[in-house]
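Below is one structure, written out as structure tokens, with a few remarks after it.
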2 protein chains.
Amino acid sequence: MISKKTKYAINALVHLTKRKDEGPILISEIAEQENIPQKFLEAILLDLKKAGILSSKKGKGGGYYLLKEPDEVNLADVMRLFDGPIALLPCVSYLYYERCEECKDEETCGQRDVFLEVRNKTVDLLKKATLTEIIAREDKLAGKKK
Amino acid sequence: MISKKTKYAINALVHLTKRKDEGPILISEIAEQENIPQKFLEAILLDLKKAGILSSKKGKGGGYYLLKEPDEVNLADVMRLFDGPIALLPCVSYLYYERCEECKDEETCGQRDVFLEVRNKTVDLLKKATLTEIIAREDKLAGKKK
DNA sequence: TACTTAGTCTATCAACTTTATAGACTATTG
DNA sequence: CAATAGTCTATAAAGTTGATAGACTAAGTA
């Protein structure tokens with residue numbers, strides 16, 4: 001399961017993408033409309049800023065806004081930022097690789113081979129899921145609904 | 001990441017599969033050869049027994065052995081047993097479904113749509129990974145190695 | 001029957017992570 | 001200089017994970 005942090009981060013990013021022509025958006029507004037505890041959201045947005053995805057303005061008329069283009073931000077990056085590795089085993093993670101202590105031979109480990117496949121497919125799907133693409137999905141789903 | 005419990009369980013199951021013609025295998029033997037803390041392994045094997053995957057015999061000449069056929073045990077089932085849902089969001093889990101409190105409309109949620117795809121692909125890959133298939137992978141990897 | 005073997009059950013625990021809250025601080029705008 | 005709004009630090013409750021200890025029970029064997 002992904003953490004609430006990641007889930008909240010994605011919702012906040014989608015929110016900011018939809019309103020990206022309105023200038024800076026207040027934390028309090030995002031918190032209220034997306035049902036996220038405000039203080040918790042503050043920390044999340046700060047992390048997204050440090051990661052170069054968002055930027056902010058202080059004082060009156062301030063708030064947060066997208067720094068990267070919506071098609072340059074994908075769920076794989078967001079997940080890694082808050083939850084760390086996407087891989088289900090440390091030994092198949094590319095960015096957070098770690099050997100399994102109990103493993104006898106990594107090269108011939110069948111379990112590892114399975115989870116390597118799962119990781120590759122998952123990263124593949126999550127990389128394709130950009131903010132732009134997520135909103136396109138929503139539009140499509142909303143169309144089907146009515 | 002999967003828990004050590006799941007990882008240990010898979011290693012123990014593969015171990016028992018390889019030696020399934022030898023009769024009951026001691027917990028202590030599996031623990032030693034697979035580098036698993038014995039007391040921890042005891043609990044794991046007990047869970048696998050309760051799930052109908054293993055059976056055991058007490059007293060001298062006792063130990064654990066496979067009850068199901070190796071091609072009837074897959075990693076999706078083992079993961080669910082120890083780690084619960086495979087899905088990354090509660091709202092896309094089939095067996096452990098739960099609504100996201102903060103969600104405004106599940107039917108048109110783009111985030112959900114992405115994680116539904118990830119879940120489906122992951123379950124698909126893990127269902128195919130039976131004990132038989134894992135050992136076949138190991139043989140193949142060992143062949144390539146030399 | 002008594003002894004040994006080996007799985008089973010219950011309780012406990014330290015360490016860590018997650019989710020969240022409170023409050024002081026700093027920069028910007030008007 | 002006062003109001004606004006993001007930033008930083010600390011704290012904490014709750015839950016999960018990985019592990020250990022010890023008593024108990026069932027099965028085989030002499």
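Below, each value reflects all heavy atoms present in this structure, side chains not excepted, and no hydrogens, waters or symmetry copies. In what follows, chains carry the letters A, B, and so on, assigned in the order in which the sequence lines appear, proteins first and then strands, with residues in each chain numbered from 1.
Through side-chain heavy atoms spaced under 4.5 Å, either directly or across other Ile, Leu, Val, Met, Phe, Trp or Tyr residues, M1(A) is tied to no other residue.
Within residues 27-55 of chain B, the residues that have a heavy atom under 4.0 Å from DNA chain D are, in order of number, P37(B), K39(B), F40(B). Interface residues of residues 1-12 of chain A facing DNA chain C, ordered by number: S3(A), K4(A), K5(A), Y8(A); criterion, heavy-atom separation under 4.0 Å.
Closest approach of P70(A) to T132(A), counting heavy atoms only: C-OG1, 3.1 Å.
If you measure from atom CE of M79(B) to atom P of dT17(D), you get 12 Å, rounded to the nearest angstrom. What separates NZ of K57(A) from P of dT28(C) is a distance of 10 Å, to the nearest Å. Atom pair I25(B):CD1 and dG7(C):P shows a separation of 11 Å (rounding to whole Å applied). Distance NZ (K58(A)) to P (dT26(C)): 9 Å, rounded to an integer number of Å.
D83(B) and S3(B) are linked by a side-chain donor-acceptor pair at a separation below 3.5 angstrom, with hydrogens and angles left out of the test.
Residues K4(B) and E102(A) are not paired through a salt bridge, judged by the lack of any N-O separation under 4.0 Å between the basic side chain and the carboxylate. A salt bridge links K104(B) and E34(A); the closest N-O separation between the charged side-chain nitrogens and carboxylate oxygens is under 4.0 Å. By the 4.0 Å N-to-carboxylate-O rule, R112(A) lies close enough to E106(A) to be salt-bridged with it.
K60(B) has no side-chain polar atom (N or O) that falls below the 4.0 Å cut-off from OP1 or OP2 of dC3(C).
Counting heavy atoms of neighbouring residues, nucleotides and ligands inside a 6.0 Å radius, atom CD of E32(A) does not exceed 12 of them. For E22(A), the CD atom counts as densely surrounded, since its 6.0 Å shell holds more than 12 non-hydrogen atoms of other residues, nucleotides or ligands.
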